[in-house]
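Every chain is numbered from 1 and lettered A, B, ... according to where its sequence line falls, protein lines coming before strand lines. Just so you know, these numbers come straight off a predicted model, no measurement behind them.
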Amino acid sequence: MVEPCIVWTAYFSPLVACVLITLFFLRSRNMSSLIAIGGILLSFICTLIVATQIFATRPISTTFQQTPNGLEIAHTWPAHVFQQSLPWIGFDSLVINFGYLVNPLAIMMLLVVTGVGSAIFIYSRGYMADDPGMPRFFAYLSLFAFSMIGIVLADNLIQLFIFWELVGLSSYLLIGFWYQKPSAADAGVKAFMVNRFADFGFLCGIILLWSHSNIGFGRTFDIDQLATIVPHIDPGLLTITALLLFCGIVGKSAQVPLHVWLADAMEGPTPVSALIHAATMVAAGVYLLARIFFIFEPLTIALSVIAWVGGITALMAATLAVAENDIKRILAYSTLSQLGLMVMALGLSGPMQGMYHLTTHAFFKALLFLGAGSVIYALHHEQNIWKMRGLLKSMPVTGWTFLIGTLALCGIFPLSGFWSKDEILALAAQHNFSLYVMASLASILTAFYMGRLFFVAFWGKPAKNSHAHESPAIMTWPLIFLALLSLIGGFIGIPHFLYPGNEHPHLNMRVALVSSVLALLGLAVSFVLYNKKPDADPLEKALGPIYPVLKNKYYFDDIYGWYVNKLQQGMATTTAWVEALFIDRFGVHGVTRTANAAGRIFRLLQTGLVQFYALTFVLGTLLLFLMLVRNL
Amino acid sequence: MPSLFFYFFAAVMILGALTVVLARNPLYNVLGLVVAIFSLSSLFILLEAFFVGIILLLVYAGAVLIFFLFVVMCLNLNADTFTTAKQTRFRILGAIAGLMFFAELLLALKSFLLAHSMEPSTVRGTIETIGRILFTEYLLPFELTSLLLLIAIFGIVSLAQGAFNTGKEDEATL
Amino acid sequence: MIPNLSLLLLLPIIGVVLLFMIPADKTALIRRIACITTFMTALLSLWFFSAYDHRAGGYQFTQNIPWVAPLGISYHVGIDGINSLMLLLLGIASFTAALISGNIKERVKEYYILFLITVLGTYGAFLSLDIFFFYFAHEIATVPVFLMIGIWGSKRKDYAAMKLTLYLVGGAALALVGLIALYFSTGLQTFDLVAIQQHLRANPIAVQVQNWIFPIIVAGFGITLTLWPFHTWAPVGYAEAPTSVSMLHAGVLKKLGAYAILRFAIPLMPEAAHTWMPLIATLAVVNIIFCALVALTQKDLKYILAYSSCSHMGYILLGLASFNTIGLAGVVYLMFAHGIMATLAFAVTGYVTDQTKTRNLDELGGLLKVMPFVGTCFVMAALASAGVPGFANFIAEILVLLGSWDQYRWQTVLAILGIVITAIYMLKVIRLGFQGPLNAHFTKLTDAQTLIAKWPFVILLGILILVGCWPALILDHIASSTRPIAEYVSNIK
Amino acid sequence: MLPIINWNIISLEILITFTLVVLIVLDIILPKGTKKDWLGMISFGSIFGLIGFWLTQHNVTGLTFGGTLVMDSLAWFFKGFFLVTMVFIFIMTQQFFKTLGKRRNAFYLLLWLALLGMSLIASAADFLILFISLEILTISLYVMTAYLKSDKLSLEAGMKYLILGALSSGFLLYGISFLYGITHSTRFDVIHGYVATHAMSPMILFAIALIFSAVGFKIAAVPFHMWVPDVYQGAPTPVTALLSVGSKAAGFIILIRLFFGIFGPWHMEFSWVLAGLSAVAMTYGNLVAMFQTNIKRLLGYSSISHAGYLLMGAAAGTAMGVSAMNFYLLGYLFTNLTAFLVIILFSNVIKSDDISDYAGLSQRSGILAGTLLLALVSLAGLPPLAGFFGKFALLMATIQSGFLWLALIASVNIVISLYYYLMIVKKIFVDPPHSSQTIFVSTPLRIVLIAGMTAMISMGIFQGPFFDAAMTAVKGMSLAHL
Amino acid sequence: MIGLGNYLILSGVLFSIGIWGVVTSRNVLKVLLSMELLLAASNLCFVVFSKFNGDYAGQLIVFFVILVAAAEVAVGLAIIVLMYKRLNTIQADELKEMKW
């Protein structure tokens, strides 16, 4: 057993950093960054300690044991799972705990989060050095890290939802960090809103699951308890639940059709992009899918939906990246594409494969983003690849590490990306050929657009007027660290760590060969096209009518824009109109106007003519008599 | 014979009353009321209520109506004052109101008269009998009427004071 | 010595009397007295809150003095888990509102007198365990609010003040009819809530009678609670009211409606509650969605907050309609959370509009740049309103949703959708008002500088987060008092 | 045979008459140029003496003058009511007629006569006494209404009041004559005996309708209310005040004696008619009041609506209802009279009764504004003031008797009335003043105003003793049939 | 034989004519005169009932009513005189300064 306090330290140290910065160090640039970096490093170290404990022991058995709920729930798990739950909300039938559930999957993810996160934090110290809002930035960043850790460790769905939302919140804050820039602020709102919308389904799913978990020990949100309960739930209902939960994942992991926020999220500072794309936010969706895979496992329909969503995302995002000129956006689409692959893997019942790719992807995608950030930093926030030239020479460290990242992403042997991607392709080839084709197509395209990016921006001679120079050490060291991880990621047995009991699948030689060839093909094509540094993108002519479609991102933004501006706003306007007209004018003012009119009319009875008064008096008496005599 | 008297006085009374309502000249109105009051007092006597019959004649015809006449003459009201005035819609409305009242009254009376077929009693309202009761049982109301008359005096004094000096207004008293 | 609950009433009365005696030109002293008075009451309510023993449950610190004996009216005060929390809310809101009222520059004396009378009435209402006294106290706040909006309000203040007052008094009068009918149907000849409760457990009111009293009471108090379609007083009222009135009204006074329904309608007429609550739940959802959609179209900062406040009342209604322990606990939690949140939001808005002289979102923009502290507070409040975890509202809404799920599946789903819409307009407000480029007129604006100026915001925000992270702080109190109600009502079925 | 007279029962009236005689003598012997308001001061002083005397009388009960005059708790209550009313009226008269010189003296005498009339109405146990006392009250009111000879409105008001008043007394008398014909007596106990043993007949209902029309005239119930706005507006303000409180209360005591005494056994048959009248009166008064620009006229319409509220208690027909009426009237006394006092004080300076001239009053005189605010809020029926508990008690009585619809109408009416009261409140507190000149209120008047406010507030907060008094008045009522 | 009914109907006719007069007359003097008709009708009733009921109360009431009427008329005429003086008319419909 590991000391709970170590886990809790890993859990809360970024939060403490965030709070400290917010309360005391909002004006101190050095202290704030140091505290934030210290926080995440502490968390990383604690994670490492926990990880050593976890992986030091071997699983005894894979059966789960249950104990009834107590005030403090301490489960006796096999040694490689640690759990502690503290009561948070608890009365009557409702139990919501606050705790952690550490299993190999979680610890692996946590390592990625804190490890890659640490690199990004350190890098940010350099990248944001000139920004006046740096303390605020580090506070947000720490909050983000905390939220992500919370998702990873959460032991029940409500807690998970809380951190899920907090991730959305902190992504909103970070993307919109330069809030005075309208595009950045808009991007933040967009990211948050899309996530919120997705979470609508997610929360419905959670509550639905909870309301049907009344088997055995009363309703529960507890993930490990749910694992034992799920098999008893009606599959039809479970499918609905699963799809609702998947809604949240679609939003967070930016799957089609809710992928639109991701590219816009590039408006945030580059370290944020790195963090969101590599280690945290988008990965959270995939991680969640793996974490609660026991729900999806028996549901073929849900799984195929997931697989197809993943596949489509992979292919579509890859095509979009081809027509993009912004270095960060290209990377963003590549992230999308890779996430699609991961989700597809999970849809094909391969959580291990998905998580494996997630891990390696975290390494090289963080590397790529940080590299891009380094470039952007050097070029004074120039992001258009066509304005970059020969950076490999002027920025060697950045350039070479970027190349490593590129190759890893393309899946070139023996870099980490090769191994993990191959697992997924093999899985697809095994289960669903059409998905395999789509994934392969995505791979070619990946190789192509990454090649395009690299050859345009880094290859060749530097521009004469370029003042680009290498970034400071605090930014390059994280690059080197991540490059190292990308290099060796395939050899350190990540799958084994993830699912200790599982057999490690053997390399499918045929698939590996095909994918390698395809990747090289893609790179080759891009080399041919872009080696000579054309002034304009030759693709524009080559693709013909398809190009505008890609440029407009398959018109998704327009559709959503139509929805937001026309449909939603139209509904809102109609509602406001209904209120103004029916409730206020006809209803409220109608009543008052009726009263007014009645008053005005009755008023006229008071003619001022005394004879009329007398007449009324007489008639009143007569009427009174008639009323009285009516009873007889 | 008494029934003949009754019908006669009733007819005269109604005629007098109608004169009050219909005649244009205020003088005729007042005289119409005098006639009506006279017939009423005759009816009282017919009912053997001698005392109130006489009082009615004395107080009403003798004092009140003379007062009316005095005002009419004093203010120099004559038919001309009213001839220019249009007849109002209230003429018909008033008639309708009166008729409706009468109709409802008949409705109310019908069952009463059917239920009570009463014979006149032997009560004779002579001065003696009435006076005896008046100063014993009806002492309090009798005293109170004095206050009523006091109010009338105050009222006339404070309202009509100086009202008959034509022309100049006694503003200081207002 | 155990402090007496009546102290909570006595302190504002002393404050009012003192203010009456001070010459009108000594504004600083007047302000100080008002702030100290509200601070003392706030402290005292905090003490009572912490002194309430939720394990023992029931009504504590009770005091019962006959008042109008022939009608069974008594001055009966006491606290349980629900109203001790409400008193705390009122203490916090009134204190911060008194602090915020520094922006009132004219007729200061009158202002604070009216303010304290409002606070006094609200305290009385929350304290009372006598139906008459509740009504009596809660109506005391009517005219001061009218005057405060009328005198110190903005643009359409006349209309706003009149509409708000007429609506509220109308609702209250309607409810009064229902309450009196309730009084007679018990046959007990008393307005004492405790006595009625005990009596009705053994001898419930006939169901047909309940079935027509219940809707009258709920509709009457529903008006206070901005039940759709009786909500239109709130937007204009809150928008045109001076800051502290909006704070107090949206934060606390409005909750009296929910409180009354929870106290009088549901536990006393459980059968009728079962009959009518599905309708209420549906209306609640209409409330949520409708008001949220209207808020989307608004350009005026305070209107948006006001509509948002109406929309949130839908959750309270939904929770009330669920009448199980979770839902009712959620209701009370939400009353508290929304109270603090609304107080904070209106305080910030007041600060902003005082500085910028405009509430139109199209004219605002980028204010975070010049007022980072206040702006951050607004962002926090807006996020809390949008149900972001970490703030008390989240827990409250989750509780309500979990509570209502079993009875009202579709209503709950729509209510969850409402959270999304809330997020849309709240983010829109932040985006338009506080983010984006700074308008050139606003470069000279100042943030809250001094600690005194920051204090109200800090207090409110702190509580919002504290309660959002540590629900057990208040949840034990709440559950101890909502549980008996919920169990009683659900056992009736 | 001279009946045995219990002088104790009529002692208050005798004292009033005595004071009246003293004042008449004083009026005669005072030199012509006397500036000082001796009569006013003596009136004011003696009214307190009478109140003191009245307090000692609370145990006096019984019949006298052959059962035509009664002293019971109800009479006692209302006599005190009228005495307190007169305290205010005398103060108002002093203020209002400051410029009237010696003519003012006769006004005091008329006021004393009116008081005598009201006091006798409270005690009347015979229709003849009732009729004569009513005429004493009404005729003195005719004179007082037209008292401002130079004021066209006063004259017009007097004329209208006279015509309609005379009409109503004609109706009353005709009704009494039928009643006499059917029951062979005008005495309440005899008629009550008849009613208790007989069924209703159209004839007696006709009589009741006629009598009720006269009562309705007094209490300003629709449709017998037509005189109210005009007379309220035109009459000198103290008279308006007296009409709105004293005369109305006199009407209500008759109503109580009629429908809960004499015709009590048939009350069930009347209650829905009363309820209907109540609903119509309150709605009509409130709706029309919304458009008034003259504050006295507005209070006239509001008086109609208050008659409607009060009729709720009559419709309820229970001890609770009558107690509520009594309480309400008492609250109405303080509220309305305080309001009228403010109106007089204000119009003495501004020479106007227009509501628009009240703009910014709060900045010209805090005490006037505050008093008027409390009075208006109390009239509207909001706590913690007298009007609130009155309405509350009336609503209770109504609902207890099952008139839920009436209670709902009343609650709607509370909102309507609140609208126009608040419009005045808004004028006073919100709108900018027409002139910044402050209005001076002398210390004695301040004390009176504060006393009025205290009365309103204490009736609103410590309702117990007042409500007890109202209930006691009902409990000891002779011929009570509740 | 002339019974109770005849008298009562006669008084009813008188009263109705009085009402007609009150409502119709624009001259306040005539209104006042019509009022006297109302009182006369009542008086007739009282006397008739006194006769047929067999007690004297009715006749005594008539006595008082006459006095009341006298007082009322006195005040009424004073006001009429004042009105004529002030407004130079005694038309009831000229009294419409106050309305609505």
**Student:** Heavy-atom cut-off 4.5 Å, strictly under: side chain, backbone, both or neither for E/V48 against chain B?
**Tutor:** both

**Student:** With rounding to the nearest 0.5 Å, note down the distance linking CG in E/L39 to CG in B/L40.
**Tutor:** 11.0 Å

**Student:** Identify which part of B/L148 has an atom lying under 4.5 Å from any heavy atom of chain E, answering side chain, backbone, both or neither.
**Tutor:** both

**Student:** Counting only non-hydrogen atoms closer than 4.5 Å, does B/L109 touch chain E with its backbone (N, CA, C, O), its side chain (CB onward), both, or neither?
**Tutor:** side chain

**Student:** Is the count of non-hydrogen atoms from other residues, nucleotides or ligands lying under 6.0 Å from B/I66 atom CD1 greater than 12?
**Tutor:** yes

**Student:** Measure the CG-CG distance between E/L67 and B/L144 for me, rounded to the nearest 0.5 Å.
**Tutor:** 11.5 Å

**Student:** Starting at OG of E/S50, measure out to CD1 of B/I130 and round the result to the nearest 0.5 Å.
**Tutor:** 6.5 Å

**Student:** Of all of B/F142, B/F102, B/Y138, B/F51, which one pairs up most often with chain E through heavy atoms under 4.5 Å apart?
**Tutor:** B/F102

**Student:** Could you tell me which non-hydrogen atom of B/S121 sits nearest to which non-hydrogen atom of E/G54, and how far apart they are?
**Tutor:** OG-CA, 3.2 Å

**Student:** Taking all atoms of both residues into account, what is the closest heavy-atom pair of B/G125 and E/Q59, and its distance?
**Tutor:** CA-OE1, 3.1 Å

**Student:** Compare all side-chain heavy atoms of B/V52 with those of E/F46 and state whether any distance is below 4.5 angstrom.
**Tutor:** no

**Student:** How close do B/A36 and E/L37 get, heavy atom to heavy atom, and via which atoms?
**Tutor:** CB-CD2, 4.5 Å

**Student:** Heavy atoms only, distances under 4.5 angstrom: which of B/A63, B/A97, B/A95 has the most pairs with chain E? Name it, please.
**Tutor:** B/A95

**Student:** Looking at every non-hydrogen atom in both residues, tell me the closest pair between B/V72 and E/L29 and how far apart they are.
**Tutor:** CG2-CD2, 3.1 Å

**Student:** I need the minimum non-hydrogen distance between E/A74 and B/I156, along with the two atoms involved.
**Tutor:** CB-CD1, 3.4 Å

**Student:** Can you list the steps and then say if E/L4 with B/F112 is a side-chain contact (heavy atoms from CB on, under 4.5 Å)?
**Tutor:** CA-CA 10 Å; E/L4 185 58; B/F112 176 75; 3.8 Å; yes

**Student:** Going from OG1 on B/T19 to CG on E/L33, what distance comes out if it is rounded to the nearest 0.5 angstrom?
**Tutor:** 11.5 Å

**Student:** So, do E/W20 and B/L99 sit near enough that their side-chain heavy atoms are less than 4.5 Å apart?
**Tutor:** no

**Student:** For B/A23, does its backbone N or O pair with a side-chain atom of E/K30 as donor and acceptor, under 3.5 Å?
**Tutor:** yes

**Student:** Any idea which heavy atoms bring E/Y56 and B/R124 closest together, and the distance?
**Tutor:** CE2-O, 3.4 Å

**Student:** With rounding to the nearest 0.5 angstrom, report the CD1 to CG distance, B/I37 to E/N43.
**Tutor:** 7.5 Å

**Student:** Sort out for me which of B/G32, B/G155, B/G16, B/A49 touches chain E most, counting heavy-atom pairs under 4.5 Å.
**Tutor:** B/A49

**Student:** Is there a donor-acceptor pair under 3.5 Å between the side chain of E/T24 and the backbone N or O of B/G94?
**Tutor:** no

**Student:** Among B/L105, B/I96, B/T145, which has the most heavy-atom pairs under 4.5 Å with chain E?
**Tutor:** B/T145

**Student:** Which one wins on heavy-atom pair count under 4.5 Å against chain E: B/L150, B/I153, B/T129, B/I151?
**Tutor:** B/T129

**Student:** Classify the ring geometry between B/F101 and E/F15 as parallel (under 30°), tilted (30 to 60°) or perpendicular (over 60°).
**Tutor:** parallel

**Student:** Got B/F44 and E/V62 here, is their nearest side-chain heavy-atom distance under 4.5 Å?
**Tutor:** yes

**Student:** Which distance, rounded to the nearest 0.5 Å, do you find between the CZ of E/F63 and the CG of B/L134?
**Tutor:** 5.0 Å

**Student:** Please check: side-chain N/O of E/K51 versus main-chain N/O of B/V123, any donor-acceptor pairing under 3.5 Å?
**Tutor:** yes

**Student:** Which residue, E/V13, E/L44, E/I17, forms the side chain to side chain contact (heavy atoms under 4.5 Å, CB included) with B/M13?
**Tutor:** E/L44

